[in-house]
Amino acid sequence: MTRTILCYGDSNTHGTMPMPDLGAMGRFARDVRWTGQLAALLPGWQVIEEGLPGRTTVHDDPIEGAHRNGLAVLPAILESHRPIDVVILMLGTDDLKQRFSVTALDIALSLEKLVLAIRASGCGPQGRAPGVILVAPPPILEVQDLGAMFAGGEAKSHELGPRLAALARGLGVPFIDAGALIGVSETDGIHYDEPAMAALAQAFAQAVTAHFN
């Protein structure tokens with residue numbers, strides 16, 4: 001029987017390439033994106049790629065659009081794809097934009113709301129709660145045009161790993177600190193390169209096998 005993983009994230013789940021300027025719209029090929037590589041590593045699992053560039057945890061973006069609010073659209077996405085066995089949740093990077101003026105603790109508390117919404121959804125098999133793997137995104141760099149957009153975010157991003165590790169322990173969900181595995185591209189300080197995609201796919205496959213096989 002095929003089981004289902006929903007990968008819920010932002011541009012780094014979408015597969016956005018490092019951007020030399022704000023107008024760049026490149027996207028890695030399906031077999032390069034970590035979601036595509038994860039599917040190849042997990043036969044018997046359907047991997048659903050649900051990555052939206054600019055997606056936040058709980059914030060309507062006044063510039064990029066209210067539809068970037070990850071909590072607001074989450075119930076519809078869960079119901080669209082149910083039954084879902086596991087949700088890989090990797091958000092928080094876009095919350096670091098200066099326009100939101102939030103702390104690393106705020107981001108952790110926002111992610112807690114998403115985990116609780118997933119658990120309350122009844123969108124797992126037989127109406128149970130889907131499992132969750134919580135992922136802390138790697139620290140960002142303030143470079144190029146995106147650096148101005150994320151001003152002040154680099155320092156906050158280094159706090160996310162410990163904050164989300166503590167959150168995962170409290171919630172009793174598996175945790176992966178992506179910052180211990182990969183770094184962001186120096187091209188734009190936000191997005192991942194091809195070797196990082198491969199490293200994430202391997203780590204996520206191991207976590208799924210260890211906790212949900």
Side-chain angles (χ1 to χ4, degrees), residues 6-28 33-35 48-81 87-121 132 134-164 167 178-179 183-192:
L6 175 69
C7 304
Y8 196 61
D10 51 32
S11 57
N12 282 314
T13 299
H14 173 83
T16 300
M17 292 178 171
M19 302 166 61
D21 58 72
L22 289 179
M25 299 291 287
R27 188 184 191 188
F28 287 114
R33 302 195 292 264
W34 68 258
T35 48
I48 298 172
E49 179 182 81
E50 183 43 67
L52 174 66
R55 177 175 281 150
T56 68
T57 55
V58 300
H59 307 288
D60 292 353
D61 192 316
I63 296 174
E64 298 178 46
H67 63 290
R68 298 299 204 277
N69 185 324
L71 181 61
V73 300
L74 178 59
I77 290 171
L78 291 170
E79 292 185 22
S80 294
H81 296 295
V87 178
I88 297 177
L89 177 60
M90 185 168 68
L91 283 172
T93 297
D94 284 286
D95 292 47
L96 295 167
K97 290 173 179 172
Q98 188 181 44
R99 69 187 67 146
F100 296 117
S101 301
V102 296
T103 66
L105 176 58
D106 292 331
I107 296 171
L109 294 173
S110 298
L111 281 162
E112 181 178 30
K113 294 188 71 171
L114 271 77
V115 174
L116 295 177
I118 292 166
R119 285 181 163 175
S121 69
V132 178
L134 181 62
V135 184
I140 67 170
L141 301 172
E142 292 178 27
V143 296
Q144 306 295 348
D145 288 339
L146 284 176
M149 189 180 295
F150 284 82
E154 182 174 343
K156 296 176 188 178
S157 69
H158 286 275
E159 299 179 43
L160 281 180
R163 290 286 188 188
L164 297 188
L167 174 64
V184 295
S185 169
E186 294 183 1
T187 299
D188 66 6
I190 299 295
H191 298 108
Y192 312 156

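All values below were derived from every heavy atom in this structure, side-chain atoms included, with hydrogens, water molecules and symmetry-related copies excluded. As the structure is a prediction and not an experimental result, all values here were calculated from the model.
Residues Asp188 and Met19 share a closest heavy-atom pair of OD2-N, 2.8 Å. Of all the heavy atoms in Arg55 and Val73, the pair that sits closest is NH2-CG2, 4.3 Å.
Two residues are said to be in side-chain contact when any heavy atoms from C-beta on lie closer than 4.5 Å; Pro62 and Phe100 meet this criterion. You'll find the side chain of Lys97 stays beyond 4.5 Å of the side chain of Ile63, heavy atoms only. Taking the side chain as every heavy atom from C-beta outward, Thr93 and Phe150 approach each other to under 4.5 Å. Counting heavy atoms from C-beta outward, Ile48 and Ile77 have side chains that stay 4.5 Å or more apart. Residues Ile190 and Val184 are not in side-chain contact: their nearest non-hydrogen atoms beyond the backbone lie 4.5 Å or more apart. Residues Leu114 and Val58 form a side-chain contact, since some pair of their non-hydrogen atoms from C-beta on lies under 4.5 Å apart.
With hydrogens and angles ignored, the 3.5 Å screen pairs a side-chain donor or acceptor of Ser157 with a backbone N or O of Ile140. The backbone N or O of Leu78 sits nowhere less than 3.5 Å from a side-chain atom of Tyr8 that would complete a donor-acceptor pair. Side chain of Glu142 to backbone of Gly189: no donor-acceptor contact under 3.5 angstrom is found.
Glu79 CD: more than 12 foreign heavy atoms inside a 6.0 Å radius.
Here side-chain hydrogen bond (donor to acceptor under 3.5 Å, both in side chains) pairs that include residues 144-156, with residues two or more places apart or in two chains, number zero.
Interatomic distance, CG of Leu160 versus CZ of Arg163, reported as 9.5 Å (0.5 Å rounding). From His14, atom NE2 reaches atom CG of Leu52 across 8.5 Å, with rounding to the nearest 0.5 Å. Note that CG of Leu96 is 11.5 Å distant from OG of Ser101, once rounded to the nearest 0.5 Å. Here the CD1 atom belonging to Ile107 is positioned 14.5 Å from the CD atom belonging to Glu112, to the nearest 0.5 angstrom. Going from atom OG1 of Thr13 over to atom CG of Leu89 covers 9.0 Å, rounded to the nearest 0.5 Å.
Residue Thr57 is tested with Asp94, Val102, Leu91 for a side-chain contact (heavy atoms from CB on, under 4.5 Å); the sole match is Leu91.
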